[in-house]
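Have a look at the structure below, then the notes.
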Amino acid sequence: VIAIMDHANTTIEKAGSPASEASTQKYDTIQHPIFFAEDDAAVRDDIVETLQEQGFSVHTFLNGQELLTTLEEYPTDIPPPRIMTDWEMPIMDGLKLIERLKEMPTPYGIILLTATASHAKSVDGVRILDKPLSTTKLMDTIESTIIESYASSPGPESTLQEYDAT
C-alpha cells in the first residue's frame with residue numbers, strides 16, 4: 001500500500017486490494033493542477049465540475065495549442081500539471097499535443113479522452129479513457145499519474161512511503 005504525503009495532506013480513501021483492504025492515498029490536489037483541453041463545452045464543464053468537487057485546480061483550454069502555449073510559460077520550480085486532453089479538437093488535436101509534450105524535457109502525466117471506441121487503445125506513456133467517463137475511473141486514473149510522478153522522482157517537499165493500512 002502506498003501513501004503519498006505532501007504538506008497539505010489531502011486524503012482520498014479507496015478500496016485497496018481485491019481482498020478489500022482499505023488504503024489511503026494522500027496528496028496535495030492544489031500542487032497537482034490539471035490542464036484540460038476539450039472543445040466540447042458541455043463535456044468540459046461536467047468534467048471540470050467533477051474535478052473541482054474533488055479539490056483539484058483545473059485550467060481549461062479549447063484546443064491543444066492553447067494548452068501548449070500556456071504550458072511553455074509554466075514555472076519550472078513547482079510540480080508540473082497533469083495533462084488531460086480530448087483526442088479530436090480543432091487547431092491542435094490531442095495526439096499532436098502529446099507529440100509536442102514528449103519533445104519537452106518535463107515528463108507529464110497525460111490522460112487522453114476519446115469518444116470513438118475505434119481509436120487505438122495504446123499511446124506510449126499515455127492513459128486513454130473512453131467517454132462518457134465514470135467519476136471513479138477518472139479519479140483513479142488521475143491518482144495513478146500523481147503516484148507515478150512521486151515514484152519516479154519525489155521532490156524535497158514530499159515523501160513516498162509504504163505503510164500498512166490495517
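A chain of hydrophobic side-chain contacts below 4.5 Å, direct or via other Ile, Leu, Val, Met, Phe, Trp or Tyr residues, connects Leu71 to Leu112. Under the 4.5 Å side-chain heavy-atom criterion for grouping Ile, Leu, Val, Met, Phe, Trp and Tyr, Ile110 is connected to Ile128 within one hydrophobic cluster. Residues Ile142 and Val43 share a hydrophobic cluster, clusters being chains of Ile/Leu/Val/Met/Phe/Trp/Tyr side chains in contact below 4.5 Å.
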Q.
Test side-chain contact (heavy atoms from CB on, under 4.5 Å) on Ile47 and Leu113; report intermediate values, then the result.
A. CA-CA 11 Å; Ile47 292 174; Leu113 308 179; 3.9 Å; yes
**Q.** side-chain contact (heavy atoms from CB on, under 4.5 Å) assessment of Met84 paired with Leu129
**A.** CA-CA 10 Å; Met84 191 161 55; Leu129 294 178; 5.7 Å; no
(Q) Test side-chain contact (heavy atoms from CB on, under 4.5 Å) on Thr106 and Leu101; report intermediate values, then the result. (A) CA-CA 8 Å; Thr106 303; Leu101 290 171; over 6 Å; no
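When all heavy atoms of Ala37 and Gly64 are compared, the pair lying nearest together is CB-N, 4.3 Å. Closest non-hydrogen pair, Asp39 versus Leu62, comes out as CB-O, 3.5 Å. Between Pro80 and Tyr108, the closest heavy-atom pair is CB-CE2, 3.7 Å. The shortest non-hydrogen separation linking Asp86 to Lys131 is OD1-NZ, 2.9 Å.
Rounded to the nearest 0.5 angstrom, Met139 CE and Ser134 OG are separated by 11.0 Å. Atoms CG and CG, on Asn63 and Leu68 in that order, are 10.0 Å from each other to the nearest 0.5 Å. In this structure, CD on Glu38 lies 10.5 Å from CD on Glu88, to the nearest 0.5 angstrom. To the nearest 0.5 Å, atoms OG1 (Thr145) and CG (Asp140) are separated by 11.0 Å.
Taking the side chain as every heavy atom from C-beta outward, Pro79 and Ile146 never approach each other to under 4.5 Å. With a 4.5 Å cut-off on side-chain heavy atoms, Leu51 and Leu138 count as touching.
For the side-chain contact (heavy atoms from CB on, under 4.5 Å) with Ile111, the lone residue among Thr141, Thr85, Leu133 that qualifies is Thr141. Evaluated for a side chain to side chain donor-acceptor pair (under 3.5 Å) with Thr69, the options Glu66, Glu73, Gln65, Glu72 yield exactly one hit, Gln65.
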Solution key, residues 90-99 side-chain donor-acceptor pairs under 3.5 Å, sequence neighbours excluded:
unit_1	atom_1	unit_2	atom_2	d
Asp93	OD1	Leu95	N	3.2
Asp93	OD1	Lys96	N	2.8
Lys96	NZ	Glu99	OE2	3.1

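In this structure Arg127 satisfies the side chain to side chain donor-acceptor pair (under 3.5 Å) test together with Ser144, Glu148, sequence neighbours excluded. By the ring-ring contact (aromatic ring centres under 6.0 Å, His included) test, Phe35 pairs with His59, Phe61, Tyr74, sequence neighbours left out.
Residue Lys137 qualifies as open at atom NZ: its count of foreign heavy atoms under 6.0 Å is 12 or below.
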